[in-house]
Amino acid sequence: MKKQTAGHDLLGEFAPQFAHLNDEILFGEVWSREQQLPAHQRSMITIAALISADNFEQLSAHLNLGKQNGISKAEIVEIITHLPFYVGWPKAWSAFNLAKEIYCSNEK
């Protein structure tokens, strides 16, 4: 996985410790544990968690990361189709709108 710098890039000057925890610990140490759980599965789990918690501000970035980690259009559709029965229909609509943008942007 490529080195994450979003924390530093977006919050480094304002919240340097948070940026460090995001880039070095969360993405540098936790996400890099691919022997324990591959990035493809980590992305699926993270996307489902963000949708269920209504954290749509971070969802676009993780949908893009999931796509990079090999989550196919069919898989993301199935994930989002499965979730509303457990987390709510409106959350699925919101997630589908973002996923459609990301997964269909190169099809035109």
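All of these numbers come straight from a predicted model, not from anything done at the bench.
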Practice item. Assess whether side chain to side chain contact (heavy atoms under 4.5 Å, CB included) is satisfied between I71 and K67, documenting all intermediate values. Key: CA-CA 5 Å; I71 297 176; K67 188 175 179 182; 5.9 Å; no
Which heavy-atom pair separates [X] from [Y] by the least distance, and what is that distance?
X: F27; Y: H62; result: CZ-CE1, 3.8 Å
X: W89; Y: P84; result: CE3-CB, 3.5 Å
X: F96; Y: T81; result: CZ-OG1, 3.5 Å
X: S52; Y: V87; result: CB-CG1, 3.2 Å
X: S60; Y: I102; result: O-CD1, 3.5 Å
X: A95; Y: L63; result: O-CD1, 4.5 Å

Interatomic distance, [X] atom [atom1] to [Y] atom [atom2] [nearest 0.5 angstrom]:
X: D54; Y: S94; atom1: CG; atom2: OG; result: 7.0 Å
X: I76; Y: L98; atom1: CD1; atom2: CG; result: 10.5 Å
X: N55; Y: K91; atom1: CG; atom2: NZ; result: 9.0 Å
X: W31; Y: I25; atom1: CH2; atom2: CD1; result: 16.0 Å

Practice item. For I47 and L65, run side chain to side chain contact (heavy atoms under 4.5 Å, CB included): C-alpha distance rounded to whole Å, both residues' side-chain angles, the deciding distance at 0.1 Å, then the answer. Key: CA-CA 10 Å; I47 289 167; L65 182 58; over 6 Å; no
Practice item. Evaluate the criterion side chain to side chain contact (heavy atoms under 4.5 Å, CB included) for residue pair F56 and L50; output intermediate values, then yes/no. Key: CA-CA 7 Å; F56 290 95; L50 290 171; over 6 Å; no
Point to revise | same_hphob_cluster(I80, V77) at 4.5 Å side-chain heavy-atom cutoff | key: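 I80 and V77: one cluster.
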Exercise for review: State plainly whether one hydrophobic cluster holds both L83 and W93, where clusters connect Ile, Leu, Val, Met, Phe, Trp and Tyr through side-chain heavy atoms under 4.5 angstrom apart.
Suggested key: yes
Review point. Within the distance-only criterion (no hydrogens, no angle test), does the side chain of R42 pair as donor or acceptor with the backbone N or O of R33 below 3.5 angstrom?
Key: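 Yes, the answer is positive, given that a donor and an acceptor are paired below the 3.5 Å cut-off.
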Check your understanding: With N97, which residues qualify under side chain to side chain donor-acceptor pair (under 3.5 Å), at least two apart?
Key -> none
Check your understanding: Who are the side chain to side chain donor-acceptor pair (under 3.5 Å) partners of H40, not counting sequence neighbours?
Key -> E75
Review point. Would a 4.5 Å heavy-atom cut-off, applied to side chains only, mark I51 and L59 as touching?
Key: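 Answer yes - side chains close enough.
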Point to revise | Within 6.0 angstrom of E57 CD, more than 12 heavy atoms from elsewhere | key: no
**Study point:** Pair listing, side-chain hydrogen bond (donor to acceptor under 3.5 Å, both in side chains) test, anchored in residues 10-27, at least two apart
**Key:** K3-E24
**Study point:** Derivation and outcome, side chain to side chain contact (heavy atoms under 4.5 Å, CB included), residues S43 and Q68
**Key:** CA-CA 10 Å; S43 284; Q68 291 170 21; over 6 Å; no
Check your understanding: Parallel under 30°, tilted from 30 to 60°, perpendicular over 60°: which one fits the rings of H82 and Y86?
Key -> tilted
